[in-house]
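Predicted model, so just to flag it, every value in this text is computed and none were measured. Each residue takes its place number in the sequence, starting with 1.
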Amino acid sequence: MRKNNWACFLLLLAGIVIGGFIGNLFPNTWLNYGQTFGLTSPLVLDLGILCITFALTIRITIASIAGIVIALIIYRFL
């Protein structure tokens, strides 16, 4: 039986979100230790009548990595 790639993607996304939430619940523990990277100052495109702001920041923590691993284990047994 072929596994669904969308199910894997949604489980990974849920693992990242739940791991990030758990990391925020315990801010002073090792679960919230991680690295932030991306555009720290947003790029602004001002066209006169339209102003567009581009920004992207990604924070990877131990809790989000644990959430990804748990999601992959769950996907394997589905």
Side-chain angles (χ1 to χ4, degrees):
M1 179 188 283
R2 184 171 179 257
K3 292 189 177 185
N4 191 353
N5 291 334
W6 284 107
C8 181
F9 175 73
L10 290 175
L11 275 173
L12 285 175
L13 190 61
I16 292 170
V17 170
I18 292 172
F21 178 71
I22 290 172
N24 284 333
L25 280 179
F26 305 105
N28 295 326
T29 62
W30 58 273
L31 289 173
N32 203 26
Y33 179 75
Q35 183 70 32
T36 303
F37 59 92
L39 295 172
T40 56
S41 60
L43 301 171
V44 178
L45 177 63
D46 190 2
L47 301 175
I49 58 171
L50 180 67
C51 184
I52 302 173
T53 304
F54 299 100
L56 176 68
T57 303
I58 298 174
R59 177 162 173 83
I60 297 176
T61 62
I62 300 295
S64 63
I65 292 172
I68 291 171
V69 169
I70 292 170
L72 288 174
I73 292 170
I74 290 172
Y75 178 71
R76 183 173 181 199
F77 289 113
L78 284 181

Check your understanding: Between atom OH of Tyr75 and atom CG of Asn4, what is the distance when rounded to the nearest 0.5 Å?
Key -> 6.5 Å

Practice item. Using the rule that two of Ile, Leu, Val, Met, Phe, Trp, Tyr join whenever any of their side-chain heavy atoms come within less than 4.5 Å, decide whether Leu43 and Leu45 are in one cluster. Key: yes

Point to revise | side chain to side chain donor-acceptor pair (under 3.5 Å) contacts touching residues 24-38 (sequence neighbours left out) | key: Thr36-Arg59

**Study point:** Distance (rounded to the nearest 0.5 Å) between Leu31 CG and Leu25 CG
**Key:** 10.0 Å

Check your understanding: Out of curiosity, Ile16 CD1 to Ile68 CD1, how far, rounded to the nearest 0.5 Å?
Key -> 4.0 Å

Point to revise | Interatomic distance, Leu39 atom CG to Ile58 atom CD1 [nearest 0.5 angstrom] | key: 10.0 Å

Review point. Which pair of heavy atoms, one from Gly19 and one from Ala63, lies closest together, and at what distance?
Key: O-CB, 3.0 Å

**Study point:** Spacing of CD1 belonging to Ile62 relative to OG belonging to Ser64, to within rounding of 0.5 Å
**Key:** 8.0 Å

Review point. In the single-linkage hydrophobic clustering (I, L, V, M, F, W, Y; side-chain heavy atoms under 4.5 Å), do Ile74 and Trp6 co-cluster?
Key: no

**Study point:** Gap separating the CG atom of Leu10 from the CG atom of Asn5, nearest 0.5 angstrom
**Key:** 11.0 Å

Check your understanding: Hey, does Leu78 have a side-chain heavy atom less than 4.5 Å from the side chain of Leu11?
Key -> yes

Check your understanding: What do the steps show when you test Ile73 against Phe77 for side-chain contact (heavy atoms from CB on, under 4.5 Å), and what is the final call?
Key -> CA-CA 7 Å; Ile73 292 170; Phe77 289 113; 3.8 Å; yes

